[in-house]
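Along the sequence shown, the residues carry numbers beginning at 1. These numbers come from the heavy atoms of this one structure, side chains and all, not from hydrogens, waters or symmetry mates.
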Amino acid sequence: MSELAFNRAILEKTVQILSLIVVGLVVLLILQSASLVVSSNRPQQVVYSGGEQILPLETKNYEVDEIILKNFVRWIAREYFSFSPTSLPKQIDSISEYLTSAPKKAILDAYQKNKSIIQEGTYFQFDIAEVSIVKQSNPYHVELSGVMSIIDRSGNYINDLKTYVFEVQQVKPTKENPYGLKVLRIQEKTLSEKKEETK
């Protein structure tokens with residue numbers, strides 16, 4: 001075999017090896033791109049504190065568990081029921097992605113009705129005592145009871161036991177609503193309803 005033919009054989013072998021390397025790199029890039037697309041479209045993980053350890057909760061097929069649902073309702077209730085004369089609009093804006101038009105309208109109507117006393121410096125503070133899930137299928141019904149304290153600028157206050165039922169619809173999680181939960185309705189339980197349940 002002449003030197004020219006030998007060099008040509010080496011060159012062809014090198015070109016084959018380089019072609020295989022390029023094809024391998026292209027396949028790896030395609031796989032990496034596909035994994036990035038899949039992971040970016042995955043629902044957000046919701047994290048809650050379990051003692052000192054932070055535990056991630058899986059949300060496969062948009063499932064929701066009891067802890068997420070209860071903590072979600074606690075958070076919405078704190079923002080919805082506890083406010084100062086200046087904080088209410090900002091608080092409602094912060095949870096607006098999680099409310100349908102009915103609860104938004106209800107809080108704004110209540111604000112308009114009590115606007116004069118709120119602007120005079122009245123604070124509303126709802127301290128949650130108990131949260132329980134009373135309907136475990138979608139839409140969920142979550143009952144929340146506690147003490148509503150109304151404090152005016154003179155320091156006078158009223159404490160009132162309140163129970164509310166939150167109707168919560170599970171929806172597909174989005175970037176704006178990573179929990180995948182929407183509050184359809186918030187209804188206060190009347191005294192007669194509470195008595196009826198205790199019978």
Side-chain angles (χ1 to χ4, degrees), residues 38-50 53-115 118-119 122-150 160-190 193-194:
V38 168
S39 65
S40 66
N41 288 334
R42 204 175 282 160
Q44 301 269 340
Q45 281 192 334
V46 182
V47 175
Y48 73 95
S49 176
Q53 191 178 11
I54 301 292
L55 305 170
L57 298 173
E58 293 293 329
T59 53
K60 292 175 187 168
N61 299 323
Y62 316 120
E63 288 177 5
V64 63
D65 72 16
E66 193 174 316
I67 293 170
I68 291 174
L69 188 58
K70 284 183 175 180
N71 286 339
F72 172 79
V73 170
R74 281 180 193 274
W75 170 57
I76 295 293
R78 278 194 296 269
E79 295 296 307
Y80 196 84
F81 293 123
S82 300
F83 55 88
S84 70
T86 56
S87 70
L88 182 62
K90 189 194 289 184
Q91 285 175 227
I92 297 304
D93 282 347
S94 74
I95 59 172
S96 65
E97 285 295 331
Y98 305 98
L99 303 175
T100 58
S101 57
K104 282 185 205 173
K105 184 179 183 311
I107 192 69
L108 293 172
D109 288 350
Y111 176 76
Q112 288 301 323
K113 185 179 173 185
N114 301 296
K115 192 173 183 177
I118 292 169
Q119 288 179 342
T122 302
Y123 288 77
F124 292 78
Q125 179 68 42
F126 185 59
D127 294 315
I128 301 163
E130 191 179 348
V131 181
S132 59
I133 300 170
V134 292
K135 181 175 175 272
Q136 306 227 351
S137 58
N138 196 20
Y140 307 98
H141 289 191
V142 182
E143 193 172 284
L144 189 139
S145 59
V147 177
M148 176 67 82
S149 300
I150 303 170
D160 200 3
L161 292 171
K162 297 276 188 184
T163 302
Y164 297 96
V165 177
F166 282 66
E167 187 177 351
V168 181
Q169 175 80 49
Q170 186 182 13
V171 295
K172 184 177 177 179
T174 62
K175 187 178 177 182
E176 295 76 25
N177 182 345
Y179 288 101
L181 296 169
K182 280 257 187 193
V183 178
L184 303 179
R185 194 164 53 104
I186 300 171
Q187 186 173 6
E188 184 179 351
K189 266 187 139 177
T190 62
E193 286 175 317
K194 290 180 198 175

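- Shown here for F124 and F81, the closest heavy-atom pair between the two residues is CB-O, 3.6 Å.
- Separating the CG atom in N71 from the OH atom in Y179 is a distance of 8.0 Å, to the nearest 0.5 Å.
- Pairing each heavy atom of P173 with each of P178, the nearest pair is CB-O, 3.6 Å.
- For the ring pair (Phe, Tyr, Trp, His ring centres under 6.0 Å) with F126, the qualifying choice from Y164, F83, Y80 is Y164, the only one to do so.
- Side-chain contact between L99 and I76: present, with at least one pair of heavy atoms (C-beta onward) separated by less than 4.5 Å.
- The environment of K105 atom NZ is sparse: at most 12 non-hydrogen atoms of other residues, nucleotides or ligands sit within 6.0 angstrom.
- For K135 against P139, the heavy-atom pair with the smallest separation is NZ-O, 2.7 Å.
- With values rounded to the nearest 0.5 angstrom, E97 atom CD is found 12.0 Å from K175 atom NZ.
- Atom CD of residue E143 and atom NZ of residue K70 lie 11.5 Å apart, to the nearest 0.5 angstrom.
- Residues I186 and V165 form no side-chain contact, since every pair of their non-hydrogen atoms from C-beta on lies 4.5 Å or further apart.
- The CG atom of L161 lies 13.5 Å from the NZ atom of K189; values are rounded to the nearest 0.5 Å.
- One N or O on the side chain of T100 and one on the backbone of L184 form a donor-acceptor pair closer than 3.5 Å.
- Rounding to the nearest 0.5 Å gives a distance of 12.5 Å between CG of N177 and NZ of K172.
- Between I128 and L144, some side-chain heavy-atom pair lies under the 4.5 Å cut-off.
- Side chains of Y98 and V168 form no contact here, defined as non-hydrogen atoms less than 4.5 Å apart.
- Taking each heavy atom of P103 and V183 in turn, the nearest pair found is CG-O, 3.5 Å.
- The line from CD of Q91 to CD of E79 is 5.0 Å long, rounded to the nearest 0.5 Å.
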